[in-house]
Amino acid sequence: MTIFPSLPSVGDVGSSQIVEVPTLEELGYVDIEGNELPPFRGGESEGLKRLREAISNEKWVATFEKPKGDPSAFLRPATTTLSPYLKFGCVSSRYFYQCIQDVYTRNKKHTSPPVSLLGQLLWRDFFYTVAFGTPNFDQMRGNKICKQIPWNDNDELLTAWREAKTGYPWIDAIMTQLHKWGWMHHLARHCVACFLTRGDLFVHWEKGRDVFERLLIDSDWAINSGNWMWLSCSSFFYQYNRIYSPISFGKKYDPNGNYIRHFLPILKDMPKEYIYEPWTAPLSVQTKAKCIIGKDYPKPMVSHDSASKDCKQKLAAAYELNKKLNGVVSEEDLKVLQRKLDATCDSVLNPVHSHSSSGAKRQRRS
DNA sequence: GTTGAGTTGGATAT
DNA sequence: ATATCCAACTCAAC
């Protein structure tokens, strides 16, 4: 027999005061008229409705494979979009699990974890479990499963990324969707997380994690930090040579750039030949599209080719140090490495027009 | 020490 | 759409 502790009497709220429910304006949401509203409505009824819709397409459930979704789909997102409802407890994860099992019973041929729809629920519990068992899970320092990497602490780079001003339309469109919807497709999250950390800007994953924590409607402490470590090659995943291209990754799903045109309307008239790299468009084309690069839309903040090369070199050096010191890397060790790397890698400090100098040649590994 | 797997890379070929 | 190469990591199993 379970004994439930008695609840405090109604009205006893300690030292806190009961106040009226604040208005949207008081919460800082001003001038929302005319803005695109997020497509999420709160509550269990809405969550169950979405669950039923997702589950009713049994063929879709049975053949679901996470890596195959289309991150540029926004009129009809490629996943269930149930994450906000799971996060707030509007939909029971166990009920969702059971619904998927029922579909599998009726459809013997179905995908399997980790890529299946059921697998996605397992990943959720995976992150809860490892986060529970790992001291300092949400930070790099003192976190045994986290590679110690000399990320830079550049607020300008972070701000440009957060404010959707990197100059890469695919990245900026995703960050705009984050601001407007509080949600984007899983692979879109991968692209911007990779870009901020190990792919281009080499900014600390904790900074990006904090931005997601604030802006995502489905942000979850364990899943968010876990995935940022994953994407930054700090833990779980280590193939740092696999970098998402901020140009070609989106293009292969959405060659016309409809996703970009929707979330970055300043680029809506840019011809599709240039929409992923508008800085390469001739001035006449920019003029006709009413979007001058450097004036109406920013120039790319880094050259992806040289920035990603530098990032790979930095990761290789950091991994080497972690290996040598058996994961016990001091603050001072990281500082020394950072100074060494700053001397050889220059793409982030000298943006787009500079090219990696001879100093960027690959370091010898011992 | 070697081998193979690892939810989601890119570029190029057909 | 699928195959192959590129470049190359860690970790577990043997």
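Only this structure's heavy atoms are used, side chains among them; waters, hydrogens and symmetry mates stay out. Lettering of chains follows the sequences in order, A, B, ..., and the numbering in each one begins at 1. All figures in this text were calculated on a predicted structure; none of them were measured in a lab.
For A:Trp170 and A:Tyr259, the distance between ring centers is under 6.0 angstrom. A:Phe127 has its ring centre less than 6.0 Å from the ring centre of A:Phe236.
Here A:Phe249 lies in heavy-atom contact (under 4.0 Å) with sugar-phosphate atoms only. If you check every strand for non-hydrogen atoms under 4.0 Å, A:Lys252 touches sugar and phosphate atoms only. Across all strands, A:Gln120 comes closer than 4.0 Å to base atoms (heavy-atom distances).
One interatomic measurement links the two molecules: OH of A:Tyr240 to C1' of C:dA8, which rounds to 7 Å at whole-angstrom precision. At whole-Å resolution of the value, NZ in A:Lys312 and P in C:dC6 are 14 Å apart. Atom CG of A:Asp305 is separated from atom P of B:dG9 by 19 Å (rounded to the nearest Å). We find that NZ of A:Lys144 is positioned 18 Å from C1' of C:dC11, with the value rounded to whole Å. The nearest whole Å value for the distance from the CG atom in A:Leu231 to the P atom in B:dT8 is 11 Å. Spacing between atom OH of A:Tyr238 and atom C1' of B:dG4 amounts to 17 Å, rounded to whole angstrom units. Straight-line distance from the CZ atom of A:Arg242 to the C1' atom of B:dG6: 8 Å, rounded to whole Å. One can place CZ of A:Phe236 at 18 Å from C1' of B:dA5, the figure rounded to the nearest angstrom.
No side-chain donor-acceptor contact under 3.5 Å links A:Tyr168 and A:Asp200. In summary, the side chains of A:Thr105 and A:Asp102 do not present any donor paired with an acceptor at a separation below 3.5 Å, with no hydrogens or angles considered.
When the C1' atom is used for both C:dA8 and B:dT3, the distance is 15 Å, rounded to whole Å. Comparing the same atom, P, in C:dA7 and in B:dA13 gives a spacing of 15 Å after rounding to whole Å.
Contact of A:Asn241 with C:dA7 (side chain to base): a donor-acceptor pair of N or O atoms is detected under 3.5 Å.
For A:Ser225 (side chain) and A:Ala222 (main-chain N/O), no donor-acceptor pair under 3.5 Å exists by modelled atom type.
As the counterpart of B:dT3, C:dA12 is assigned, both hydrogen-bonding distances of the Watson-Crick or G-U wobble pattern falling under 3.5 Å. Base-pair partner of B:dT8: not found among the strands shown (Watson-Crick or G-U wobble, both distances under 3.5 Å). The pairing partner recorded for C:dA7 is none, the criterion being a Watson-Crick or G-U wobble arrangement whose two distances lie under 3.5 angstrom.
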Check against salt bridge (charged side-chain N to carboxylate O under 4.0 Å, His left out), A:Arg50 and A:Glu46: CA-CA 6 Å; A:Arg50 283 170 184 255; A:Glu46 176 73 17; 3.2 Å; yes
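Residue A:Tyr244 has no polar side-chain atom (N or O) positioned under 4.0 Å from OP1 or OP2 of B:dG10. Residue A:Ser248 places no side-chain N or O under 4.0 Å from the OP1 or OP2 atom of B:dG9.
Each of A:Gln239 and A:Lys68 has a nearest nucleotide on DNA chain C; the 5'-most of these lies closest to A:Lys68.
Stacking annotation: A:Trp123 is stacked on the base of B:dT7 (ring centroids less than 5.5 angstrom apart, interplanar angle below 30 degrees).
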